[in-house]
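Quick notes on the structure that follows.
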Amino acid sequence: MPSEVTVFLPDGSARSVPAGTTVADLAAGIGRRLAAAAVAVELDGVLVDLSRPLFEGAKVRIVTADTDEGRDVLRHSTAHVMAQAVVRLWPGARYAIGPAIADGFYYDFELPKGARFSEDDLERIEAEMKAIVAEGQLFLREEHTIAEGLEIFADQPYKREIIEGVEAGVGLDDEVAAEAGGNPGAVSTYRNGPGFVDLCRGPHVPSTDRLGHFKLTRVAGAYWRGDEHRPQLQRVYGTAWESDKAVESYLHRLEEAERRDHRRLGAELDLFSFPAELGSGLAVFHPKGGLIRKVMEDYSRTRHSDAGYSFVNTPHITRSDLFETSGHLQWFAESMFPPMELDEGHRYYLKPMNCPFHILIFKSRQRSYRELPLRMFEFGAVYRYEKSGVVHGLTRVRGMTQDDAHIFCTREQMAGELRSLLIFVLELLRDFGLEDFYLELSTMPEEKAVGTLEEWEEATEALRQAALAMDLELVLDPGGGAFYGPKISVQARDAIGRTWQMSTIQVDTQLPQRFDMDYVGQDNTRHRPVMIHRALFGTVERFFALLVEHYAGAFPTWLSPVQVRVLPVRDDHVAYAREVRALLSAAGVRAEADDAGEPLGARIRRAKLEKLPYVLVVGDSDVAAKTVGVNARGSDEPERGVSVESFVERLRVEAAPPVRRVPSAGIEGAL
RNA sequence: GCCCGGGUAGCUCAGUGGUAGAGCAGCGCACUCGUAAUGCGCAGGUCAUGGGUUCGAAUCCCAUCUCGGGCUCCA
C-alpha cells in the first residue's frame with residue numbers, strides 16, 4: 001500500500017495526502033471555512049460521506065451546505081434526527097421513509113396504538129430534535145447483508161418491506177431507493193447514538209451538531225407508498241437550511257406566496273367568491289372578476305378567430321347515450337355528477353367534457369376533405385365531481401369553463417396542426433405575461449385506456465415531434481394521458497417560480513372510431529379524421545387564478561377592471577374630473593371619477609390598495625391648464641402637470657389588449 | 001375519499017360553561033383637503049347547521065355542511 005495518494009480538486013490541481021486521509025481531513029487542510037461548510041463529498045462522481053478515505057487518483061468535489069446538493073444532505077440528515085426524536089417521544093413508533101424534498105424534508109410514521117400527531121406535537125418534536133443536535137451524535141454508516149438488515153429492522157415492517165424489495169430487485173422509486181442504498185444484495189444503515197438506526201443510502205453530515213437550522217411546518221396523512229389502498233401514515237413536514245438566515249428567507253418566501261394567494265386576493269379585490277350555499281368548488285365571479293374574465297375571453301376569441309377557428313355552442317347536459325358512445329361512462333364516470341332521471345327512465349348527465357358534442361356537430365352532415373382542418377372552439381362550461389378533499393380555490397373546482405376546441409383533420413395534416421398549435425399556445429400565454437415554459441408529454445395510462453398500442457404509439461410520436469420542434473424543455477409523464485389519447489401539457493412558471501399546468505393538447509384516434517366519423521377524400525372514398533383536443537388557458541378559472549398570483553393582484557393595465565381613477569382635490573374640481581373621465585372612456589379606457597367625499601390621502605390609499613394602474617389627481621392648476629397629476633402604480637413620485645391629451649393617448653395604447661401576428665392565420669399581408 | 005386543523009359582524013381576529021367584543025369595511029352628519037387612513041355618531045352576529053350533555057353552551061359531546069394543510073387524483 002503506498003504511503004501517499006494523489007487526488008484531484010475541481011480546479012484540476014492535484015494534492016498528495018497520506019494514505020488513509022479522509023475527505024474531512026482534506027477539507028480541514030484546505031481551509032477552516034471549507035471544513036466548517038462541508039457536508040458531503042463527490043468522489044469520482046458519487047456523493048458520499050466526508051468520513052470516506054481518499055483513494056489514489058480520486059476526483060474530489062467537496063459539497064458545502066449552501067448548495068442545492070448540500071441542502072439535500074442537511075435535510076435528509078435532519079429527517080433522521082426528526083425520526084429519532086419521534087421514536088424517543090413515542091416509543092414503539094414505526095418509521096417508513098423520510099427523504100429530502102424541495103425546500104425541506106418529511107418523514108412518515110406509524111405511531112403506536114394508532115395515535116395521531118397534532119399541530120401541538122410539532123413543538124415537542126422540535127425540542128427533542130434540538131436536544132439531539134446538542135448531543136452531537138455521529139452519523140455512523142454500516143453495510144449489512146439483507147439478512148442482517150431484516151434482523152436489525154425486525155420491529156420495523158416498513159423498513160423490512162423496503163429491504164425485501166431490494167432483495168427481490170423490484171423497481172423502487174427514487175424516494176424508496178434512497179432509503180435502501182448500498183450495493184445489490186446489500187443494504188446500508190446510518191446509526192445515531194445508541195438508540196437509533198435507519199436504513200439509508202446517505203450521505204449524511206458527520207454529526208448532528210452540523211444541523212439545527214430547521215423548523216417543522218405541518219402534519220399530514222400520507223398513504224404508504226402513495227397508494228390509497230395501503231395504510232395511511234402520519235407525515236411530518238419540515239424545512240432545513242444552512243443557516244437561520246436562510247430559514248428566515250424561506251419563511252419570507254412562503255409569506256410572499258401567501259400574499260399572492262388568489263383566494264385571499266379574490267376576496268380583497270372583490271373578484272369572486274365561493275358562496276357556501278352553492279356547495280364545494282362552485283365559484284361566482286363578481287363584477288370586477290367578471291370584467292377580467294370578459295377581457296380574457298374577448299381576447300381569446302379574437303385570437304382564435306384570427307387563427308381560423310369557428311365558434312360553436314353546446315348544452316350543459318345530455319342524455320346518457322352520448323357518454324356511452326364516447327366511453328366517458330365507462331372510463332370517466334367517477335368524475336361525473338350522478339345522473340338525473342327524466343322522461344320515462346332516460347338518464348341525463350352534466351357534461352364533464354365538450355368533445356362528444358363537437359363530434360356531433362361534425363357528424364351533422366357529410367364532411368369533405370375540403371373542409372379540413374375543421375377547428376371548433378367554445379368556452380364550454382363543464383362539471384366534474386371532484387373528490388371532496390381536492391377542491392382548491394379556482395385551481396380545482398367542480399364547475400369550470402374550458403377554452404376548448406377540437407380540430408378535425410386528416411392524418412397528413414396532423415403534424416402541421418400540432419406545430420402551429422404549439423406556436424399559437426405559447427404566443428397566447430406570452431400575451432398574458434408568461435415567459436417561462438416547459439412541456440410535458442403524458443403517455444398511455446396503464447389501466448384506463450382505449451385503443452391499440454400502435455394507435456397510441458403513432459399519436460404519442462406525433463406529439464413528441466411537435467414538442468421537440470419547440471426548443472423547450474420536454475419532460476416525460478409516463479402513464480399520464482387521458483383514456484382516449486396521449487397529451488402534451490404546457491407548464492408555465494409564474495413570477496415567483498412556481499409551475500402551473502395550463503394548456504393541454506391531446507391527439508385522439510379513438511373517439512373518431514367510437515363515433516364512426518368520416519369525411520370524403522379527394523379519392524371519393526371515406527376516411528377517418530384525426531381529432532385534436534386542446535385547451536389553452538386550460539380552464540378560465542385556473543388561468544384566472546394563475547394571473548392573480550402571477551401579478552399579485554396588480555394586473556397589467558389591459559386586464560385591470562378599473563384602469564384609471566380620477567380624484568378631484570376638492571368639490572369644485574369634480575366637474576373637471578368627470579370631463580377627464582369622459583375623455584378616457586371615449587378612448588376606450590375603463591376610467592372612474594370619484595367625488596371629494598373623503599380626504600385626498602384616504603382616496604389615494606384606497607386606490608393603491610385596489611392596485612389600480614393609474615390614479616389621477618386634479619386640482620386648481622389642472623383645471624386651469626387642462627392637465628392631470630399622474631400617480632402610476634409602483635411609482636412613489638407623482639408626475640404633475642401632464643396634459644390631458646397626452647395622457648389619454650398614452651392610455652389609449654396601454655389599455656388595449658396586446659396584439660401579435662398570428663402565423664397560422666393564413667391572412668398575413670391581406671391588408 | 002383518507003389524515004390533521006379550523007368555521008364568532010362584509011373582512012381580520014379576541015372571547016373555553018354564566019345569556020357576545022375590537023379594528024377595518026358599511027351607513028349618517030360635519031370636514032373640502034395636491035398624492036397611502038379627518039372627526040363624531042349609528043347600525044350590523046339565531047357564534048356554520050342539526051342534535052345531545054347541563055339549571056345554564058360560542059365554549060363540552062355527536063352528526064352534517066364548509067374552509068385550510070397534506071395524501072390520492074387532476075384542467
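Chain A is the first sequence line, chain B the second, and so forth, proteins listed ahead of strands; every chain is numbered from 1. For clarity, every value in this text was computed on a predicted model and none was experimentally measured.
Using a 4.0 Å heavy-atom distance criterion, A/Gly281 is classed as a sugar-phosphate-only contact. Residue-level contact check: A/Gly393 touches the backbone only, with heavy atoms under 4.0 Å from sugar-phosphate atoms and none from bases. Base engagement by A/Ala596 is indicated by at least one non-hydrogen atom pair under 4.0 Å involving a base atom. Looking at heavy-atom distances under 4.0 Å, A/Phe274 makes no contact with the nucleic acid at all. Within 4.0 Å of A/Phe332, counting heavy atoms only, lies no atom of the nucleic acid at all. Among the heavy atoms of the strands lying under 4.0 Å from A/Ser280 are primed sugar atoms or P, OP1, OP2 only; no base atom is included.
Between the P atom of B/C4 and the CG atom of A/Asp108 lies a distance of 15 Å, rounded to the nearest Å. If you measure from atom CZ of A/Arg605 to atom C1' of B/G34, you get 19 Å, rounded to the nearest angstrom. Rounded to an integer number of Å, the gap from CG of A/Leu111 to P of B/C4 is 11 Å. Regarding A/His573, its NE2 atom lies at a distance of 14 Å from the C1' atom of B/U35, rounded to whole Å. Between A/Ile604 atom CD1 and B/A37 atom P the separation is 10 Å, expressed in whole Å.
Using cut-offs of 30° and 60° for the angle between ring planes, the A/Phe483 and A/His328 rings count as perpendicular.
With hydrogens and angles left out, the side chain of A/Asp620 and the base of B/G34 share no donor-acceptor pair within 3.5 Å.
Within the structure, a side-chain polar atom (N or O) of A/Arg606 is placed less than 4.0 Å from OP1 or OP2 of B/G26.
Applying the salt bridge (charged side-chain N to carboxylate O under 4.0 Å, His left out) criterion to A/Arg578, with sequence neighbours excluded, gives no partner residue.
Remark on RNA chain B: of its neighbouring residues A/Gln234 and A/Glu639, the 5'-side contact belongs to A/Gln234, judged by nearest-heavy-atom nucleotide. Comparing A/Val618 and A/Arg116 along RNA chain B, the residue whose closest nucleotide (by nearest heavy atom) sits nearer the 5' end is A/Arg116.
Across B/G34, B/C4, B/G1, the shortest atom-to-atom separation from the side chain of A/Leu600 is found for B/G34.
In this model, no donor atom of one side chain and acceptor atom of the other lie less than 3.5 Å apart for A/Trp224 and A/Asp108. With no hydrogens or angles considered, no side-chain donor-acceptor pair links A/Thr314 and A/His358 at under 3.5 Å.
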(message) Under the criterion side-chain contact (heavy atoms from CB on, under 4.5 Å), I'd like the reasoning laid out for A/Arg293 against A/Val540: C-alpha separation, chi angles, the key distance, then a yes or no.
(response) CA-CA 7 Å; A/Arg293 270 186 79 134; A/Val540 177; 3.7 Å; yes
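When Watson-Crick and G-U wobble pairs are counted only if both distances are under 3.5 Å, B/A63 pairs with B/U49.
Rounded to the nearest Å, the gap between the P atom of B/G52 and that of B/U8 is 24 Å. Nucleotides B/A20 and B/A48 have their P atoms positioned 14 Å apart, rounded to a whole Å. Rounded to whole Å, the C1' atom of B/C65 lies 26 Å from the corresponding atom of B/U54.
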(request) Treat primed atoms plus P, OP1 and OP2 as sugar-phosphate and everything else as base, then score nucleotides 69-75 of chain B 5' to 3': B for base contact with protein heavy atoms under 4.0 Å, S for sugar-phosphate contact only, - for none. (result) BBBBBBB
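Within the 4.5 Å cutoff, the side chain of A/Leu122 has heavy atoms near those of the A/Val236 side chain.
Within the cation-pi definition used here (under 6.0 Å to the ring centroid, within 45° of the axis), A/Lys159 does not qualify as a partner of A/Tyr95.
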